[in-house]
Amino acid sequence: MEHDKQETRLYPANRLREVAAAAGAAGLDALLLTPGPDLRYVTGYEAPALERLTCLVVPADGAPFLVVPRLEVPAALASPAGALDLEIVGWDETDDPYALVARRLGGVGAVGLADRMWALMVLRLRAALPAARQELASVVLRDMRARKSPAEIAALQAAADAIDRVHAQVPGWLRPGRTEREVAADISEAILAAGHATADFAIVASGPNGASPHHTASDRVLQPGDAVVVDIGGTMPSGYCSDCTRTYAIGSPPAAFAEYYQVLKDAQDAARRAVRPGVSAEAVDAAAREPITAAGYGEFFVHRTGHGIGLETHEDPYIVSGNTEPLQPGHAFSIEPGIYPGPHGARIEDIVVCTADGCQELNKVSRELIVAGG
Ligand code: ZN
Ligand code: ZN
Ligand code: ZN
């Protein structure tokens, strides 16, 4: 099946060995990964996060194993993890799965825990492995996850294409008299129809709400002359995420808005043009910020320029002042400057990938100010 081939490319069988070697190189004896993006990255298994312990154990030396509740064993075997060289160890309702992990792992001095592991499990693992120093698995996985493989970039491109198709429909839904919430419901439905497995967020921030970067959607009724910030995204069946913002106008927007929208568009363009290997993440942030500051709107650009994206909507690398890490080919992230002076605001967001010599733009939907339903 084509689906299986895609999964094999996204979640290659040798990743377990690479992760084990990287854990050893980082001075860890094992990685312990509970359900979430770290476990999915290493095995392809989209395990449910439950109070019963599911835990992938990847020793730096030795065979990896996946501890799962007995009732989850069929699902684990049916997942891409079932095709890996990985023992699946079921535990019964009366077993102590933490003791099981400790017994099989033996005496260890340091373990890396999935960044999103529940505190419940962190503390029980600490009790079961009292001699083990606990660190974050991201010490090992951060750089690997940040540098996307060609298959991961293809998965992000498919996600971007899907969300672009949703944005292409948004102007038709932005009509005076409708509420933000009604528009958000149309968008969430379209995110699924475009091929996502889940609709993760649909920000529809109209008029004064547009001046609040993380406003979601309310019962405010759209009015002629509104500027509307629409920031939407979902997760594809592959596990990879989309995230794209466009700002629309209903009828003719206020003159002040039209003026800074152009500044914003130029700034977003400048940041995309700054992307290439070796350039620091903070230099991309500066490339977006300088033209906005020069035009007098600097105090209204109140957030970082972007975030990495992959199996999580927000992950490394962060495009923010103070992050001096140089961009590398395969880094995938958003470029999303905003200007929020009130009583309206604007943001433009695209996902890009740093290539061997520049910037690959995944979102293709127009960045021109689109006047909708006025
Ligand atoms: Zn955000
Ligand atoms: Zn974003
Ligand atoms: Zn966004």
Side-chain angles (χ1 to χ4, degrees), residues 37 145-146 148 152-153 155-170 174 180 183-184 187-188 190-191 194 196 198-206 209-217 227-236 239-248 261 264-265 267-269 271-272 275 281-282 284-285 287-289 292 301-321 323 327 331-340 345-354 359-367 370:
R145 282 186 50 190
K148 268 65 182 178
E152 290 181 280
I153 293 167
L156 285 168
Q157 180 67 70
D161 290 344
I163 209 69
D164 279 359
R165 290 197 293 276
V166 179
H167 264 300
Q169 301 169 73
V170 168
L174 292 173
E180 292 176 349
V183 175
I187 289 171
S188 296
I191 288 174
H196 295 84
T198 57
D200 298 339
F201 54 94
I203 294 177
V204 179
S206 66
N209 294 335
S212 166
H214 269 180
H215 172 82
T216 52
V228 189
V229 178
V230 176
D231 184 351
I232 58 180
T235 304
M236 298 292 278
Y240 285 77
C241 299
S242 64
D243 184 5
C244 183
T245 309
R246 291 293 181 262
T247 301
Y248 300 89
Y261 185 86
L264 177 66
K265 191 165 152 300
Q268 206 261 0
D269 198 45
R272 277 184 285 108
V275 172
E282 69 174 3
V284 176
D285 180 81
R289 208 163 295 275
I292 291 174
F301 178 11
V302 292
H303 54 71
R304 66 191 175 207
T305 291
H307 53 81
I309 187 167
L311 290 167
E312 294 175 271
T313 309
H314 288 191
E315 58 180 45
D316 286 305
Y318 291 97
I319 310 303
V320 61
S321 171
N323 184 3
L327 295 179
H331 279 172
F333 50 89
S334 70
I335 304 258
E336 51 176 308
I339 299 179
Y340 313 96
R347 178 164 68 257
I348 301 173
E349 172 179 28
D350 292 304
I351 304 303
V352 303
V353 179
C354 179
C359 177
Q360 179 183 351
E361 300 175 1
L362 302 190
N363 295 103
K364 311 260 177 2
V365 67
S366 172
R367 302 175 193 98
I370 291 180

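Indexing begins at 1, ligand by ligand and atom by atom, following the structure's order.
Not a single N/O/S atom of His314, whether from backbone or side chain, sits less than 2.8 Å from the Zn ion (ligand 2). Here Glu336 does not reach the Zn ion (ligand 3): none of its N/O/S atoms is less than 2.8 Å from the metal.
Within the 6.0 Å centre-distance limit, the rings of Tyr340 and His303 are counted as a close aromatic pair.
With sequence neighbours excluded, no residue satisfies ring pair (Phe, Tyr, Trp, His ring centres under 6.0 Å) with Tyr318. In this structure, Phe333 has no ring pair (Phe, Tyr, Trp, His ring centres under 6.0 Å) partners at least two apart in sequence or on a different chain.
Glu282 has no carboxylate O lying under 4.0 Å from a charged side-chain N of Arg289, or vice versa, which leaves the two without a salt bridge. A salt bridge is absent between Arg246 and Glu349: the closest approach of a Lys/Arg side-chain nitrogen to an acidic carboxylate oxygen does not fall below 4.0 angstrom.
For the Zn ion (ligand 3), the nearest N, O or S atom contributed by Asp243 is named OD1. Distances from the Zn ion (ligand 3) to the N/O/S atoms of Glu349 are shortest for OE1. Shortest distance from the Zn ion (ligand 3) to Asp231 is reached at OD1 (N/O/S atoms only).
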